[in-house]
Amino acid sequence: MTLTEQHRPGADRRPADYDVLVVGGVGVDTIVRVEELRVPPGDSVFVEPLRDYVGHTGNGVALGWHALGLRTKFVDFLGDDPQGRMVLEHYARVGLDFSHLVSPHGTPRSANLVDPRGRRFSFYDGRHPGDLRLPRAFYLPFLERTAHVHLSIIGHNQDIYEDIHRLGVTSSTDLHDWDGRNPHHRRYALDSDYVFLSAAALHDRLHTVMRTILDEGRARFVVATDGAEGCHLLERGADGIRHFPAVRPERPVVDSNGAGDAFVTAFLHSLFQGRPLEECVLAGSVSGAFVCGSVGTHTEFIDLPGLRAATAARRSSYRSSGSTAPQTQARSAQSTRRSGDGSARTRRTH
């Protein structure tokens with residue numbers, strides 16, 4: 001067995017070829033660095049040179065686990081276009097095990113505005129049609145050989161859950177800035193074992209949405225990242241939500257793209273090693289803060305020695321602030337999310 005006896009009480013599955021399988025969520029980001037996140041007067045403005053990066057959330061999770069030494073497999077659709085070739089060349093350089101099917105709709109793209117404080121807003125083209133699905137004959141051989149699977153909320157993988165549950169594979173997802181109402185996210189929220197999301201769109205409904213995910217779904221815990229405010233953790237069977245502070249980045253914050261993905265990978269890596277949830281939160285926070293110090297999307301990830309050293313240095317002073325009552329969770333809709341754990345998540349479902 002791998003991943004601390006596949007991190008499941010009573011696990012009896014055969015040893016896996018992959019520690020983790022990531023399904024969906026690769027594309028190309030175009031980064032536009034702006035003075036502030038608003039439309040300036042006039043009809044044009046000079047900016048720094050635009051840069052393209054291989055990005056999107058599945059890419060960040062797969063590369064983050066790859067950097068931490070997990071045996072990682074990544075599958076998705078990809079266009080037969082310049083962006084698709086850019087993706088394949090990048091994965092060949094870094095040694096990520098990636099398989100794909102060609103999509104006639106092309107490779108997904110997004111344009112991300114990033115301000116001097118590292119905050120960003122993303123425009124995602126969502127080019128895959130709603131009825132697109134990964135064929136079972138394509139994904140099942142990989143799913144049968146993995147200890148854990150992470151599903152990006154990109155739609156074409158949502159029918160995989162039946163096989164995930166039948167095989168007894170643990171699963172995770174990141175709902176990003178789900179408002180608790182959008183039906184697109186609901187299948188992922190209720191059918192995953194480990195659920196992550198951003199608190200950006202929840203405001204005073206944070207406690208209700210987190211509790212609903214546990215009450216109506218199968219999740220063992222829910223983590224809501226909250227930018228510079230840290231994160232909130234609710235475990236199944238617990239009376240209340242625990243709040244954890246953010247970790248101060250060791251480097252200047254220049255770009256929060258991918259910080260949430262880094263949080264997820266380091267958190268779950270620690271969970272797979274059998275660490276308590278408090279230490280998983282610390283690992284995720286350290287990893288998320290680390291990537292905020294690099295320009296562009298998913299250009300740099302913390303490695304395992306770096307993660308161990310950074311968490312060890314902070315472990316003695318890092319503590320939960322205790323349970324958070326529902327009435328204390330209200331947050332202003334106008335408040336600005338800053339980077340720190342997984343940054344300010346705007347509408348980013350890729």
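As a basis for the values below, the full set of heavy atoms in this structure was taken, side chains included, without hydrogen atoms, waters or symmetry mates. Note that the structure is predicted; figures quoted are calculated from it, not measured.
- You'll find the side chain of Val23 stays beyond 4.5 Å of the side chain of Asp76, heavy atoms only.
- Side-chain atoms of Ser152 never come within 3.5 Å of backbone atoms of Ile154 as a donor-acceptor pair (strictly under, hydrogens ignored).
- Applying the salt bridge (Lys or Arg N to Asp or Glu O under 4.0 Å) definition to pairs two or more places apart or across chains, those involving residues 190-202 are Arg187-Asp191, Asp193-Arg218.
- A ring-centre distance under 6.0 Å is not found for His100 and Phe77.
- In terms of the side-chain hydrogen bond (donor to acceptor under 3.5 Å, both in side chains) criterion, residue partners of Thr107 (sequence neighbours excluded) are, by chain and number, Asp81.
- Remark: Asp303 engages no residue in a salt bridge (Lys or Arg N to Asp or Glu O under 4.0 Å) (not counting sequence neighbours).
- Just one of Phe272, Phe221, Trp65 meets the ring-ring contact (aromatic ring centres under 6.0 Å, His included) condition when paired with Phe267; it is Phe221.
- For Arg236, the side chain to side chain contact (heavy atoms under 4.5 Å, CB included) test picks out Leu214, with sequence neighbours left out.
- When Leu21, Leu268, Leu70, Ile164 are each tested for a side-chain contact (heavy atoms from CB on, under 4.5 Å) with His148, only one passes: Leu268.
- The closest side-chain heavy-atom distance from Val20 to Arg71 is not below 4.5 Å.
- The aromatic rings of His232 and His243 sit tilted relative to each other, their planes meeting at an angle between 30° and 60°.
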Check the pair Asp19 / Thr146 against side chain to side chain contact (heavy atoms under 4.5 Å, CB included), numbers first and verdict last. CA-CA 6 Å; Asp19 295 323; Thr146 191; over 6 Å; no

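- Linking Ile, Leu, Val, Met, Phe, Trp and Tyr residues whenever their side-chain heavy atoms come within less than 4.5 Å places Leu151 and Leu101 in a single cluster.
- Under the ring-ring contact (aromatic ring centres under 6.0 Å, His included) criterion, His165 pairs with Tyr161, sequence neighbours left out.
- Of all the heavy atoms in Ala189 and Trp178, the pair that sits closest is CB-CZ3, 3.8 Å.
- Annotation: Arg166, atom CZ; neighbour count of heavy atoms from other residues, nucleotides and ligands within 6.0 Å is above 12.
- In summary, the side chains of Ser172 and His150 do present a donor paired with an acceptor at a separation below 3.5 Å, with no hydrogens or angles considered.
- Side-chain contact between Leu197 and His176: absent, with no pair of heavy atoms (C-beta onward) separated by less than 4.5 Å.
- Arg308 meets the salt bridge (Lys or Arg N to Asp or Glu O under 4.0 Å) test with no other residue; sequence neighbours excluded.
- Partners of Arg38 under the salt bridge (Lys or Arg N to Asp or Glu O under 4.0 Å) rule, at least two apart in sequence or in another chain, are Glu36.
- Applying the ring-ring contact (aromatic ring centres under 6.0 Å, His included) rule to His66 yields no partners; only residues at least two apart in sequence or on another chain are considered.
- In this structure the side chain of Asp226 never reaches within 4.5 angstrom of the side chain of Cys231, judged on heavy atoms.
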Which atom pairs, donor and acceptor, lie under 3.5 Å between side-chain atoms of residues 131-143 and protein residues at least two apart or in another chain?
from   : atom 1 : to     : atom 2 : distance (Å)
Arg133 : NE     : Asp159 : OD2    : 3.0
Arg133 : NH1    : Gly130 : O      : 2.9
Arg136 : NE     : Asp163 : OD1    : 3.4
Arg136 : NE     : Asp163 : OD2    : 2.8
Arg136 : NH2    : Asp163 : OD1    : 2.8
Tyr139 : OH     : Asp163 : OD2    : 2.7

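- The shortest distance between side-chain heavy atoms of Arg51 and Arg33 does not fall below 4.5 Å.
- Asn112 and Ser122 form a side-chain donor-acceptor contact under 3.5 Å, judged by distance and modelled atom types alone.
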Criterion side chain to side chain contact (heavy atoms under 4.5 Å, CB included) on Val94 and Leu63, from CA distance to verdict: CA-CA 9 Å; Val94 301; Leu63 288 176; 3.9 Å; yes

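- Of all non-hydrogen atoms in Phe98 and Val26, the two that sit nearest each other are CZ-CG1, 4.3 Å.
- For the atom pair OG of Ser99 and CG of Asp97, the computed distance is 5.5 Å after rounding to the nearest 0.5 Å.
- Nearest heavy atom pair, residue Arg120 against residue Val114, reads CB-CG2, 3.9 Å.
- Within the structure, the salt bridge (Lys or Arg N to Asp or Glu O under 4.0 Å) test picks out the following pairs touching residues 85-94 (sequence neighbours left out): Asp80-Arg85.
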side-chain hydrogen bond (donor to acceptor under 3.5 Å, both in side chains) for Asp177 and Ser198? Distances and angles first, verdict last. CA-CA 5 Å; Asp177 62 340; Ser198 167; over 6 Å; no

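- Of all heavy-atom pairs spanning Leu190 and Thr212, the tightest one is CD2-O, 4.3 Å.
- Taking Arg127 as the reference, Asp125 meet the salt bridge (Lys or Arg N to Asp or Glu O under 4.0 Å) condition, with sequence neighbours excluded.
- Scored by the side-chain hydrogen bond (donor to acceptor under 3.5 Å, both in side chains) test, His128 finds no partners at all (sequence neighbours excluded).
- Nearest heavy-atom pair across Pro245 and Ser285 is O-OG, 4.5 Å.
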